[in-house]
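Below is one structure, written out as C-alpha cells, with a few remarks after it.
Both backbone and side-chain heavy atoms feed into the values below; hydrogens, waters and symmetry mates do not.
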Amino acid sequence: MPVDFSGTWNLVSNDNFEGYMVALGIDFATRKIAKMLKPQKVIKQDGDSFYIHTTSSFRDYLLEFKVGEEFEEDNKGLDNRKCKSLVTWENDKLVCVQTGEKKNRGWTHWLEGDDLHLELRCENQVCRQVFKRA
Ligand code: YOG
C-alpha cells in the first residue's frame, strides 16, 4: 500500500519556525503574528497528484502539484519569492526542492505513527512541524 497523506491536520509543534522565517527574510512584525498561528493542513492526494492547503486565521497558502513534474511556485503571502519546485518520492517521504534565490530551500513530508511530519528548510535553518489528525 502506497502512503496516503490525505486528511485534515492540525499543527501541534513547530520547532525553529522563527529561524526559518528569518532565513526567508520575513519582517519582525509578520514573524510575531506568524509564530502565534496554529495552521491547519488539508491534503488531498490522488496517487501522485497533490492538493495541500495550509490555512490559518492570518494567511493561507494553496499548493497543487504532481510528483515528478517541475512547476513554478510563487509563495504568495509567504515570502513572495518565485522558485521552481520539484517534488519527488524518497521511499515514503515526499521531498520538495525549491530552486531559486534562497539556497537549500525545500521541505519534506512523512508519516510517523498517526502524525504528519513536515521539515521546512531554508539556507542553514530547519523548522520541524508535527501535525495530528483533526
Ligand atoms: O508547506 O510550504 O505542506 O505548501 C510556511 C510559512 C504565515 C505567513 C507555511 C502563514 C513560511 C507569514 C507553508 C502560515 C513563513 C510568514 C500559514 C509551508 C512565511 C511567511 C499559511 C509549506 C508545504 C508543505 C506546502
Q. Mind checking whether L86 and F50 sit in one hydrophobic cluster, side chains of I, L, V, M, F, W, Y counted as touching below 4.5 Å?
A. no
Q. Considering only heavy atoms from C-beta outward, does the side chain of H117 approach that of R128 to under 4.5 Å?
A. no
Q. Around N91, counting heavy atoms of other residues, nucleotides and ligands shown, do more than 12 lie under 6.0 Å from its CG?
A. no
(Q) Using only atom types and a distance under 3.5 Å, with no angle test, would you say the side chain of K38 pairs donor to acceptor with the backbone of N10? (A) no
Q) Which heavy atom of H53 sits nearest a heavy atom of D60, and at what distance? A) NE2-OD2, 2.6 Å
Q.
I'd like to check Y51 versus I43 (side-chain heavy atoms, cut-off strictly below 4.5 Å). Are they in contact?
A. no
Q. If you round to the nearest 0.5 Å, how far is OG1 of T54 from CZ of F131?
A. 6.5 Å
Q. Any ion pair linking K84 and E73 (charged N to carboxylate O, less than 4.0 Å)?
A. no
**Q.** N75 side-chain N/O to R81 backbone N/O, donor-acceptor pair under 3.5 Å
**A.** yes
(Q) I'd like to know if R133 pairs up with D114 as an ion pair, taking the criterion as any Lys NZ or Arg NE/NH1/NH2 lying under 4.0 Å from an Asp or Glu carboxylate oxygen. (A) no
Q.
Any non-hydrogen side-chain atom of L111 less than 4.5 Å from a side-chain atom of L116?
A. yes
(Q) Nearest 0.5 Å, please: how far is OG in S57 from CD in Q40? (A) 11.5 Å
Q.
Measuring only between side-chain heavy atoms, which start at C-beta, is L62 closer than 4.5 Å to E64?
A. yes
Q: With rounding to the nearest 0.5 Å, note down the distance linking CZ in F65 to OG in S49.
A: 9.0 Å
Q) Is a salt bridge present between D74 and K76, judged by a nitrogen-to-oxygen distance below 4.0 Å? A) no
Q: Answer with yes or no whether the side chains of R121 and T108 bring together a donor and an acceptor at under 3.5 Å.
A: yes
Q.
Is there a side-chain contact between C96 and Q98 in this structure, where contact means two heavy atoms from C-beta onward sitting under 4.5 Å apart?
A. yes
Q. Above 12 or not: heavy atoms from other molecules or residues under 6.0 Å from NZ of K35?
A. yes
Q.
Applying a strict under-4.5 Å side-chain criterion to I, L, V, M, F, W and Y, I'd like to know whether I33 and I26 cluster together.
A. no
Q: May I ask you to check whether W9 and D115 show a side-chain donor-acceptor distance below 3.5 Å?
A: no
**Q.** Donor on one side chain, acceptor on other, Q129 and N14, under 3.5 Å
**A.** yes
**Q.** N16 side chain vs V126 backbone, donor-acceptor pair below 3.5 Å
**A.** yes
Q. Is there a side-chain contact between V87 and L94 (heavy atoms, below 4.5 Å)?
A. yes
Q) Can you find a heavy atom in the side chain of L78 that is under 4.5 Å from one in the side chain of Y61? A) yes
Q) Any side-chain heavy atom of K41 within less than 4.5 Å of one from H109? A) yes
Q. Nearest 0.5 Å, what's the CH2-OG distance between W107 and S85?
A. 8.5 Å
**Q.** Between CE on residue M21 and CG on residue L120, distance to nearest 0.5 Å
**A.** 11.0 Å
**Q.** Single hit among T99, L24, V97 for side chain to side chain contact (heavy atoms under 4.5 Å, CB included) with R105
**A.** L24
**Q.** CG on D92 to CH2 on W110, rounded to 0.5 Å
**A.** 13.0 Å
(Q) Taking V3 as the starting point, is it possible to reach L118 by hopping between hydrophobic residues whose side chains are less than 4.5 Å apart? (A) yes
Q) Would you call K103 and E123 a salt bridge, taking side-chain N to carboxylate O under 4.0 Å as the test? A) no
Q.
Is it true that T30 and D27 share a donor-acceptor pair across their side chains at a distance under 3.5 Å?
A. yes
Q. So, for A34 and F17, which heavy atoms are closest and what is the spacing to 0.1 Å?
A. O-CE2, 3.7 Å
